[in-house]
Amino acid sequence: MYLADRSAPAGAKTAPDRGPGRAPAVAPTVLALGTVSLITDISSEMVTAVLPLYLIAGLGLSPLGFGALDGVYNGVSALVQLIGGHLADRVRNHKLVAGIGYGLSALCKPLLLLAHSLGPISVVLALERTGKGLRTAPRDALISLSTPDRLQGRAFGVHRAMDTTGALLGPLAAFLILGVAVDGYDAVFGVSACVAALGVVVLMLFVPSGAGGTPPPRPRTAAAPPAPERPDPVRLRDAAALLRLPRLRALALCAVLLGLTTISDAFVYLLLQRRTGIDDQWFPLLPLGTAAVFLLLAVPAGALADRIGRRTVFLTGHALLLAAYGLLLWAPAWPALPYLVLALHGMFYAATDGVLPAAVAATVPESLRATGLALVGTGQALARFGCSLAFGGAWTLWGTGPALAAAAAGLLCCAAVAGYVLRPAPPAPCAPAAAAPTPPDPARRP
């Protein structure tokens, strides 16, 4: 099975050619969705940057409690991805379902101003993640349907780079607000709500409802073209039948295995703070290191995956994450340690976050594109949900060292299994050529 397979399967469609001229490297739909993600990520990352410190230092939550909440925060999004993906394919309006998801997340931001205990905060975060789950698969389907298969990695890389620009600006905005506002956390939550509303407005105004390609010109004939037949609705059993595709099954299996050993970003930053003694006031800036490297390398990594194969780039990304775990475990307390860990963390995301959906998009037909992306994304997110619970429990019971060592050992084993599952298939043996008929001997008389 090829993760790097660049050929679309039977039934899959890509964006049509745009005439004899050269098509743009990035479709307008990708740029519009990237702008929406940039604005929305500024809002989300403002909250995410201060949330671990707010819950642990402000509300006194234990690492196990934070692991459970972080797992719920991501697990709800994973479960709703399936609903969002199937609903978008069924109603055949990816923009509508994505808009509902963006709108729900924006509505939840002001509610954080009213929630000051663990229970209400958990409910608000679960609703916010519900919105994220609804929008993720339809948004990625719009990106893949507007882009030729040979440029899928580049398109997802451009979107992730724009998305990460928001992730870069969000923690910086939170840091500045905490420095000047009297009631810092409430100020962060209020500004986040306003920015999220702006993202919804941009989506409604600038993202087209279709796949994003320019419609082909109509033939200039006197007779009007016949109305297209309405396609059959997508059924649940059609979505379940996607798992019969060997390539999609292998991708889903590897995403789950590797997700089981990928600890959440919040835990990485907490480990780095405890290892290096970074002051609390600088904690919201730690995600900037990851985001800056991700921003610089997302597009080159996507283009490289299109050129040399998505399998190679995807597995290399997890090797870089393993190196980051190793530095947190065994490296001396060098002054450069935070920069090295954050650089490896950003390279991991650049090599995996856009490459995986690009590979999935090449394995499923257009009518089920959002559903296929949701299946793999849900499996990966649920696995990370389990990892958050397990890592938080191990940290509470045994400490940070044994917990991180177990995660590193698990990642090494799962990466080896993924490399075997995604190995290039051996070439099919060529059938022996049929023997050419012997020409008749002209000297031989019948």
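When all heavy atoms of A88 and H94 are compared, the closest pair comes out as CB-CD2, 3.7 Å. Annotation for V376 and A255: closest pair CG1-CB, 3.9 Å, computed over non-hydrogen atoms. Nearest heavy-atom pair, D163 versus S37, reported as atom, atom and distance to 0.1 Å: OD2-CB, 3.3 Å. Annotation for A305 and V313: closest pair CA-CG2, 3.8 Å, computed over non-hydrogen atoms. Here the shortest heavy-atom pairing between G85 and A374 reads CA-CB, 4.1 Å. Nearest heavy-atom pair, G84 versus P138, reported as atom, atom and distance to 0.1 Å: O-CG, 3.8 Å.
A side-chain donor-acceptor contact under 3.5 Å links S44 to the backbone of T40. Side chain of K95 to main chain of V207: a donor-acceptor pair is present (N/O by atom type, distance under 3.5 Å, no hydrogens or angles). When atom types are taken as modelled, the side chain of R249 and the backbone of L243 share a donor-acceptor pair closer than 3.5 angstrom. In this structure, T165 contributes its side chain and A161 its backbone to a donor-acceptor pair below 3.5 Å. Judged by distance alone, the side chain of Q152 and the main-chain N or O of T147 form a donor-acceptor pair under 3.5 Å. Listed for the S144 side chain is a donor-acceptor partner under 3.5 Å among the backbone atoms of A141.
Taken to the nearest 0.5 Å, the CG atom of L295 stands 11.5 Å off from the CG atom of L288. To the nearest 0.5 Å, the span separating CG on L321 from OG1 on T316 amounts to 12.5 Å. Atom CZ of R384 sits about 9.0 Å away from atom CG of L258, to the nearest 0.5 Å. Interatomic distance, OG of S264 versus CZ of F391, reported as 8.0 Å (0.5 Å rounding). Once rounded to the nearest 0.5 Å, the distance linking CD of Q81 with OG1 of T130 reads 11.5 Å. In this structure, CG in L368 is found 5.5 Å from CG in D89, a value given to the nearest 0.5 Å.
Using modelled atom types, one finds a donor on one side chain and an acceptor on the other under 3.5 Å when comparing S105 with R135. Side-chain contact of T352 with H318: a donor-acceptor pair under 3.5 Å is absent, judged by distance alone. Using modelled atom types, one finds a donor on one side chain and an acceptor on the other under 3.5 Å when comparing Y269 with T290.
Taking a cutoff of 4.0 Å between a charged side-chain nitrogen and a carboxylate oxygen, R160 and D140 qualify as a salt bridge.
You'll find the side chain of V417 stays beyond 4.5 Å of the side chain of L253, heavy atoms only. Residues F189 and V47 meet the side-chain proximity criterion, which asks for heavy atoms closer than 4.5 Å. With contacts defined as side-chain heavy-atom distances shorter than 4.5 Å, the pair T164/D41 does not qualify. Side-chain contact check for V268 versus H345: some heavy-atom pair is nearer than 4.5 Å. Under the 4.5 Å side-chain criterion, counting only non-hydrogen atoms from C-beta, L297 is in contact with M347. Looking only at side-chain heavy atoms (C-beta outward), V30 and S146 come within less than 4.5 Å of each other. Counting only heavy atoms from C-beta outward, the side chains of L168 and L172 never approach each other to under 4.5 Å. The closest side-chain heavy-atom distance from V364 to T371 is not below 4.5 Å.
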Let me see the working for D306 and R154 under salt bridge (charged side-chain N to carboxylate O under 4.0 Å, His left out), right down to the final yes or no. CA-CA 7 Å; D306 288 336; R154 181 190 297 272; 5.4 Å; no
Could you go through T262 and F348, starting from their C-alpha distance and side-chain angles, then the distance that decides it, and tell me whether this counts as side-chain contact (heavy atoms from CB on, under 4.5 Å)? CA-CA 11 Å; T262 303; F348 156 71; 4.0 Å; yes
Apply side-chain contact (heavy atoms from CB on, under 4.5 Å) to residues L342 and L272 and explain how you reach the verdict. CA-CA 9 Å; L342 294 176; L272 189 57; 4.0 Å; yes
May I have the step-by-step check of side-chain contact (heavy atoms from CB on, under 4.5 Å) for V26 and L31, ending in yes or no? CA-CA 7 Å; V26 181; L31 297 177; 3.8 Å; yes
For L270 and F283, run side-chain contact (heavy atoms from CB on, under 4.5 Å): C-alpha distance rounded to whole Å, both residues' side-chain angles, the deciding distance at 0.1 Å, then the answer. CA-CA 8 Å; L270 287 171; F283 184 85; 3.9 Å; yes
